[in-house]
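Throughout, a chain's letter reflects where its sequence line sits, starting with A, and its residues are numbered from 1.
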Amino acid sequence: MQEILEKIYDMTAFSGIAENPGCLVMYVLAFCLLYLGIKKGYEPLLLIPIAFGVLIANFPGGGMGVNAVDGEGFVTLADGTKENIWDMSLPKIAHDLGLMNFIYYMLIKTGFIPPIIFMGVGALTDFGPMLRNLKLAIFGAGAQFGIFAVLLVACNFFTMPEAASLAIIGGADGPTAIFTTIKLAPHLLGPIAIAAYSYMALVPVIVPLVVKLTCSKKELSINMKEQDKLYPSGREIKNMRVLKILFPIVTTTIVAILVPSAVSLVGMLMFGNLIKEVGNSTSRIFDAASNGIMNAATIFLGLSVGATMTVDAFLNWQTIGIVIGGFLAFGFSIFGGIMLVKLFNVFSKKKINPLIGATGLSAVPMASRVANDIALKYDPKNHVLNYCMSSNVAGVIGSAVAAGILISFLG
Amino acid sequence: MEGNVLEALKLLCVGLTTVFVVLLLIIMLGNSLIAFVNRFIPEDEKPIAKQAPSAISPKVANAIAAAVAQLTGGQGKVEKIEKI
């Protein structure tokens, strides 16, 4: 009888949890993330799959956690033997390591999913506001400062590829952070993805905080429409439709020539945008890119990234470093954008509201909405949304270029 | 460790400069594109045939044509719009 009870005990997850109580911390983390995603509505499309991935990955015996590979590419199998992951066929990975490893090594580790998500993002992005306020796009570059500033600090505590993967959180772009981490430090994918998406969800808190610390009331009251009236650009766009079709083609060409390693992200972003702008003749593939493919990719990305966060991979000092470093990268990026606007205002008659610099980090369109709300608090007639969208969308391109640079130097 | 800091400093300079250069080029080429489009392709093709003088404005007609094209995946065409 006792033997049967022991077998039942071993069959359940209780025995595994008793052996490794750190699992309980992971359950708490998963429940917190689920709460934030479901109840608070913070990035629910990604936070909920990630949280659920964390939950199911940490039940001992479930086989749903992603097995991390060591520096030489060896993975530990259930029987304790080691095998090089690159010598294993996909059916063998599915058979020996389980469903989640199959998804992870097929779709994530190969770097397939982030560009696919970028295609969907491109299909949902309107470059119109950026084209109408093209000069403001430069502030998308200032907001990449956080990436490189935090790299400078983090390289003292991490290896260079790990520090770069951590620093890219400052780009405030989830797929870019994941893509860079897959290429440079795949063992940190879980905590970096969680930190990136959590901070993106916290844009409504972080942006106002940095703005409050760095901007005066006078600066935040700068009315962009009044500035436009005082200093008109003297240019109108006569055919926006054609311009929107040509723009993704030209941008892809420039980026491909200057930073080829960023093409997988920027190219797919622009391809998604192109099929949106072409119109009726590509409406079917636009629909696929922005709905079906994008949604399926999001599910696989979220679940498998969550499944990389097993107890051993998550509960260590590196994760704490990533959480702190990611926050600093995010903050410094907003700071960098604001400072660039302030510098511009010193030399220019036409003043720019510093909020347009703050939205230079990606996080489209949430950062712009938050900035617009801040501007309206200081001047109820000051709608800066369209202006912010210019630097905001440029920030997506900027962070993808920054990622390409990091990958080419450190990959 | 010192080597890492030097490499990070190098990346700071190279990285930020490249991002600035890429965005500057995009701005410059964007401006050139606007000038090109304004000069050579200033207006969009009119998507539907001329209507008999009626109370339906071209804006409304274009909107209806776009909606029909969207719903029918480009297969359907608006030939006539009548007020009932």
- Query: So which part of A/Met240 gets closer than 4.5 Å to some heavy atom of chain B, the side chain, the backbone, both or neither?
  - Reply: neither
- Message: Tell me whether the count of non-hydrogen atoms from other residues, nucleotides or ligands lying under 6.0 Å of NZ in A/Lys350 goes above 12.
- Response: yes
- Atom group of B/Ile26 that falls short of 4.5 Å from chain A, counting heavy atoms: both
- NZ/A/Lys244: more than 12 non-hydrogen atoms of other groups inside 6.0 Å: yes
- Note on the structure: Ranked by heavy-atom pairs below 4.5 Å to chain A, first place among B/Asn31, B/Leu25, B/Leu9 goes to B/Asn31
- Apply side chain to side chain contact (heavy atoms under 4.5 Å, CB included) to the pair B/Val22 and A/Val259, showing each step before the final yes or no. CA-CA 9 Å; B/Val22 169; A/Val259 195; 4.2 Å; yes
- Note on the structure: Ranked by heavy-atom pairs below 4.5 Å to chain B, first place among A/Ala141, A/Ala402, A/Ala164 goes to A/Ala141
- In this structure, CG of B/Leu12 is separated from CZ of A/Phe145 (nearest 0.5 Å) by 6.5 Å
- Minimum heavy-atom separation for A/Met160 to B/Asn4, with atom names? CG-OD1, 3.4 Å
- Item | Heavy-atom pair of closest approach, residues B/Glu7 and A/Phe409 | OE2-O, 4.4 Å
- Message: For the CG atom of B/Leu11 and the CD1 atom of A/Ile147, what is their distance to the nearest 0.5 Å?
- Response: 11.5 Å
- Query: How about B/Val37 and A/Ile237: do any of their side-chain heavy atoms sit closer than 4.5 Å?
  - Reply: no
- dist A/Ile254:CD1 -> B/Met28:CE (nearest 0.5 Å) comes out at 9.0 Å
- Measure the shortest side-chain to side-chain distance between A/Ile138 and B/Leu24 over non-hydrogen atoms and say whether it is less than 4.5 angstrom. yes
- Item | Verdict with supporting geometry, B/Phe20 and A/Gln144, side chain to side chain contact (heavy atoms under 4.5 Å, CB included) | CA-CA 10 Å; B/Phe20 267 98; A/Gln144 309 311 319; over 6 Å; no
- Item | A/Ile405 CD1 to B/Thr17 OG1 distance, which is reported to the nearest 0.5 Å | 8.5 Å
- Query: Can you find a pair of side-chain heavy atoms, one from A/Glu236 and one from B/Ile34, that are under 4.5 Å apart?
  - Reply: no
- Query: Quick one: of A/Leu258, A/Ile257, A/Leu131, who has the most non-hydrogen atom pairs under 4.5 Å with chain B?
  - Reply: A/Leu258
- What is the distance from atom CG of B/Leu23 to atom OG of A/Ser391, rounded to the nearest 0.5 Å? 10.5 Å
- Item | Spacing of A/Leu134 atom CG and B/Leu29 atom CG [to the nearest 0.5 Å] | 10.0 Å
- Message: Per the ring pair (Phe, Tyr, Trp, His ring centres under 6.0 Å) rule, what does the pair list look like for residues 241-288 of chain A, sequence neighbours excluded?
- Response: A/Phe127-A/Phe247
- Query: Which heavy-atom pair separates A/Val242 from B/Ile41 by the least distance, and what is that distance?
  - Reply: CG1-CD1, 3.7 Å
- Query: In residues 330-340 of chain A, which residues are in contact with chain B at a heavy-atom separation under 4.5 Å?
  - Reply: A/Leu340
- A/Ala400 portion near chain B, given a 4.5 angstrom heavy-atom threshold: neither
